Amino acid sequence: MANNKVTDSIIYVGVNDRKIDLFEGQYNVPNGISYNSYLIKDEKTVVMDTVDKNAGGEWLKNLKEALNGEKPDYLVVSHLEPDHSYNIEKLCELFPEMKIVGNAKTFAFLPQFFNIENLNERQVLVKDGDSLNIGKHILNFVMAPMVHWPEVMFTYESTEKVLFSADAFGKFGDLKTDEPWLEEARRYYINIVGKYGIQVQAVLKKANTLDIKIICPLHGPILTEKLEYYLNKYDIWSSYKPEEKGTLIAYASIYGNTEMVSKKLASLLEQTGEKVVLKDLARCDIHEAISDAFKFDKLILASPTYNAGIFTPMEQFLNSLKEKNFQNRKVGIIENGTWAPLSGKAMTQILSQMKDITIADTQVTIKTRMNTENETQLENLINEMIK
Ligand code: FEO
């Protein structure tokens with residue numbers, strides 16, 4: 001992207017944020033995040049979204065440089081979440097003649113965030129399938145409700161075949177981060193949008209009818225090559241299919257005994273040739289563990305009994321999976337308890353509320369420490385899981 005040009009007419013004016021501590025107040029972003037914003041220059045000049053509170057000054061500087069003395073005619077609001085909308089009011093004050101393009105939900109929510117003078121006169125209300133001719137470029141609006149909020153919309157610019165995809169196809173990590181797209185895009189998608197697979201499938205159907213050459217998301221890199229790869233990943237994730245063969249062993253351990261069992265299981269499972277990822281739920285990035293659970297076709301849970309139920313980190317993990325519509329997986333259970341092991345029953349109860357979960361018949365029950373009988377149970381569990 002030389003000189004921040006996406007194409008001759010589309011200029012990147014977004015900002016990298018490395019100072020952020022937690023994205024959306026909960027996600028670790030060790031490599032920061034980018035808030036992407038774009039300027040389309042034609043007979044009419046269009047700003048595609050603003051940026052977060054943290055990034056307003058730098059964004060305005062980028063935007064003014066790109067405008068080079070011109071005034072924007074339109075601001076397209078793809079998404080009202082504050083990481084993209086925080087500077088709308090300021091931009092509207094700076095350019096009082098600029099129109100705001102959004103859908104019915106955008107304009108229903110907008111006054112909850114901002115006081116915009118003459119909003120009724122300034123609003124350009126669009127619906128699915130509407131288009132806006134700005135000269136050589138035509139902006140076609142594609143509603144994408146719940147990817148990630150109800151007002152989200154994509155814009156497909158049909159002359160240069162550019163899809164402005166809101167949060168979709170975005171990833172954690174700023175634009176200076178040199179890493180493959182996949183892991184941080186999955187962690188972003190599963191945790192933030194994972195619950196809304198049906199809605200994502202609906203918008204992917206619309207996207208499949210478009211000839212797309214460039215995807216401009218609101219976070220992460222602009223995608224210009226092998227776009228079917230990204231579309232395919234979104235299809236897999238939103239249809240809750242496993243992405244790879246492999247097992248996530250997710251454990252929580254109070255004094256290390258459940259951990260020891262989990263490590264033994266990992267070692268035995270690896271000896272069969274299975275790809276294994278082992279996560280201590282109390283210490284790992286929990287959102288990465290959730291992402292891994294969606295990635296693999298098998299999940300084994302190991303938890304001590306705690307307050308006659310599940311040890312807290314495991315309970316939180318399972319509830320998060322349920323909330324994100326985790327489904328269609330094979331699951332094994334290992335419980336531990338000194339006097340009344342009950343965590344297996346409690347984990348099964350949460351899993352039973354998820355769709356198409358096959359729980360292995362072999363449930364391993366540890367009474368404090370692993371014994372030789374438990375080792376046989378682990379072998380049986382492995383045989384059942386990988387058969
Ligand atoms: Fe990047 Fe849903 O906001």
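Counting starts at 1 for both ligands and their atoms, in listed order. Only this structure's heavy atoms are used, side chains among them; waters, hydrogens and symmetry mates stay out. Sequence positions, counted from 1, serve as the residue numbers for this chain. Predicted model, so just to flag it, every value in this text is computed and none were measured.
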Inset, instruction - Quick one: do Tyr188 and Asp167 satisfy side-chain hydrogen bond (donor to acceptor under 3.5 Å, both in side chains)? Show the steps, please. - result: CA-CA 9 Å; Tyr188 179 94; Asp167 278 335; 3.0 Å; yes
Legend entry - Test side-chain contact (heavy atoms from CB on, under 4.5 Å) applied to Val162 and Ile215, Ile10, Ile222, Ile40, the passing residue: Ile10
Legend entry - SB check Lys330 Glu384 (cutoff 4.0 Å): no
Legend entry - Option from Tyr196, Tyr189, Tyr229 for which ring-ring contact (aromatic ring centres under 6.0 Å, His included) with Tyr234 holds: Tyr189
Legend entry - Minimum-distance pair of heavy atoms, taken over all atoms of Asp49 and Leu75: N-CD1, 3.8 Å
Inset, instruction - Could you verify whether a donor N or O on one side chain and an acceptor N or O on the other, from Asn374 and Gln377, lie under 3.5 Å apart? - result: yes
Legend entry - Distance below 2.8 Å from atom 2 (Fe) of ligand 1: protein N/O/S atoms: His79 NE2, Glu81 OE1, His148 ND1, Asp167 OD2
